[in-house]
Amino acid sequence: ISKYMKILNKQILTDLSLILLLSLSLRIVFLYLFTNPNETFVEDSIKYYDIAKYAAENGILSWESHKWPPLISFVIIPFIKIFNESLSIISIRFFMIFMSTLTCVILYFLALEITKNHKISILISFINCLYPFSIFFSGDLLTENLAALLICSISLFFIKFINKLDLKHLFISSFLMGLLALTRSSYLYLPIFLSFIIFFLDKTVLKKIFYIIILFLTFYSTLSPWLIKNYNQLNTFVPTTTRLGYGLF
């Protein structure tokens, strides 16, 4: 059995490495063949870039816009601080491509957690690797890239929690839910939906309530720095963006 597991683990590592290499290659080739890596961002991407640039120059506490989700702009601030504009745009594009590729890998582990089948999981990861829209948008500064990675990661850790009832998986998934709400406002109600799933666990009512409390405490603790900053800056309660109502609608 030990020898078989070593062979299987080696095969998994090889297959995932190939998926990683293929995903990166496809997205980089697309970037250089159909777009200009140095080209200035447009449409929504330029909004996120300008917000990050303003925050990099003036500080996070003076965040310029509250109509747009903050996390996608926040994570690219280091690139803007370290590099000049041209290099920062290229590095951000490659960072987005890396997130898109990492989503393919996380999706494998998510599928494996559900199916317990290596071949099916690799196939699912491979399909996502070739998914045209994933390739097309991979080099753009869009919340879709970050949200896809977070959604797959949340699903993986939450299902692990349901299967094993290990609190560390609940903490991680709840923390990632907070990051997801800061990426796309419409996911602010996700913890409420997932709390209903917890009620179907074969546990006592007190245990279920305990799990739900942990979920919400972790979720809102993740949002709390942004909530506090918004209240100090805007003098009102803004959990994600000022367009939250529109986004939920």
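Just the heavy atoms: all of them, side chains too, but no hydrogens, waters or symmetry mates, feed the values below.
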Using 30° and 60° as the class boundaries, would you call the ring planes of Phe158 and Phe161 parallel, tilted or perpendicular? tilted
Answer whether the closest heavy-atom distance between the side chains of Ile72 and Leu141 falls below 4.5 Å. yes
Return the CZ to CG distance between Phe210 and Leu167, rounded to the nearest 0.5 Å. 5.0 Å
Determine whether a donor-acceptor pair (N or O, by modelled atom type, separation under 3.5 Å) exists between the side chain of Thr218 and the backbone of Ile214. yes
Hydrophobic cluster identity match, Leu190 and Ile192, side-chain contacts under 4.5 Å: yes
Phe30 atom CZ, neighbour heavy-atom count above 12 within 6.0 Å: yes
Can you list every pair that meets salt bridge (Lys or Arg N to Asp or Glu O under 4.0 Å) and has a residue in residues 154-181, with sequence neighbours left out? Glu113-Lys160
Going by ring-ring contact (aromatic ring centres under 6.0 Å, His included), name the pairs with one or both residues in residues 77-100, residues two or more places apart or in two chains. Phe79-Phe95
Does Lys229, at its NZ atom, have more than 12 non-hydrogen atoms belonging to other residues, nucleotides or ligands within less than 6.0 Å? yes
For a side-chain contact (heavy atoms from CB on, under 4.5 Å) check, start with the C-alpha distance between Leu20 and Tyr108, then their side-chain angles and the critical distance, and finish with the verdict. CA-CA 11 Å; Leu20 191 69; Tyr108 164 80; over 6 Å; no
Going through the checks in order, is the side-chain contact (heavy atoms from CB on, under 4.5 Å) test met by Leu201 and Lys207? CA-CA 9 Å; Leu201 293 176; Lys207 198 73 172 179; over 6 Å; no
Would you kindly confirm whether Leu217 and Ile228 end up in one hydrophobic cluster when ILVMFWY residues are joined by side chain heavy atoms under 4.5 Å apart? no
Are Leu26 and Leu22 side-chain neighbours, meaning at least one heavy-atom pair lies under 4.5 Å? yes
Could you tell me whether a side-chain N or O of Ser224 sits under 3.5 Å from a main-chain N or O of Ser221, the two making a donor and an acceptor? yes
Any sub-3.5 Å donor-acceptor pair from Ser23's side-chain atoms to Ile19's backbone N or O? no
Residue pairs involving residues 76-102 (criterion salt bridge (Lys or Arg N to Asp or Glu O under 4.0 Å); sequence neighbours excluded): Lys53-Glu85, Arg93-Asp140
Provide the closest heavy-atom pair for Pro70 versus Leu182 in the form atom of the first, atom of the second, distance. CD-O, 3.1 Å
Nearest atoms (heavy-atom pairs only) where Asn128 meets Cys104: ND2-SG, 3.3 Å
Value for OG (Ser88) from CD1 (Ile77), rounded to nearest 0.5 Å, stands at 12.5 Å
Given the rule that I, L, V, M, F, W and Y join up when any side-chain heavy atoms are under 4.5 Å apart, are Leu107 and Leu123 in one cluster? no
Would you name the heavy atoms of Ile76 and Ser73 that are closest together and state the gap between them? CG1-O, 3.1 Å
Identify, with sequence neighbours excluded, every residue that meets ring pair (Phe, Tyr, Trp, His ring centres under 6.0 Å) alongside Phe219. none
Does the side chain of Leu142 come within less than 4.5 Å of Ser45's, by heavy atoms? yes
Give a yes or no on whether Asn84 atom CG has more than 12 heavy-atom contacts from other residues, nucleotides or ligands under 6.0 Å away. yes
Per the ring-ring contact (aromatic ring centres under 6.0 Å, His included) rule, what does the pair list look like for residues 39-58, sequence neighbours excluded? Phe41-Tyr49, Tyr48-Trp68
Taking the side chain as every heavy atom from C-beta outward, state whether Ser134 and Arg27 have any pair of such atoms under 4.5 Å apart. yes
Taken to the nearest 0.5 Å, the spacing of Thr103 OG1 from Ile151 CD1 works out to 9.5 Å
Between CG of Leu215 and CG of Leu194, what distance do you get to the nearest 0.5 Å? 6.5 Å
dist Glu39:CD -> Leu31:CG (nearest 0.5 Å) comes out at 10.0 Å
Would a single hydrophobic cluster contain both Ile92 and Val42, if residues Ile, Leu, Val, Met, Phe, Trp and Tyr are joined by side-chain heavy-atom contacts under 4.5 Å? no
Considering residues, nucleotides and ligands other than Lys119, do more than 12 of their heavy atoms fall under 6.0 Å from its NZ? no
Hey, quick one: are Leu223 and Ile213 part of the same hydrophobic cluster, counting side-chain heavy atoms closer than 4.5 Å, chains of contacts allowed? no
For Thr183, what residues pass the side chain to side chain contact (heavy atoms under 4.5 Å, CB included) criterion, not counting sequence neighbours? Leu71, Thr143, Leu146, Ala147, Leu150
Kindly say whether Ile198 contributes a backbone atom to a donor-acceptor pair with the side chain of Lys208 at under 3.5 angstrom? no
For side-chain contact (heavy atoms from CB on, under 4.5 Å), just list the numbers for Phe216 and Tyr220, CA-CA rounded to whole Å, side-chain angles, deciding distance to a tenth of an Å, and then say yes or no. CA-CA 6 Å; Phe216 278 98; Tyr220 281 107; 3.7 Å; yes
Phe157 side, atom CZ; Phe175 side, atom CZ - distance, nearest 0.5 Å: 11.5 Å
On a heavy-atom basis, which atom in Leu165 and which in Ile162 lie closest, and how many Å separate them? CD2-O, 4.1 Å
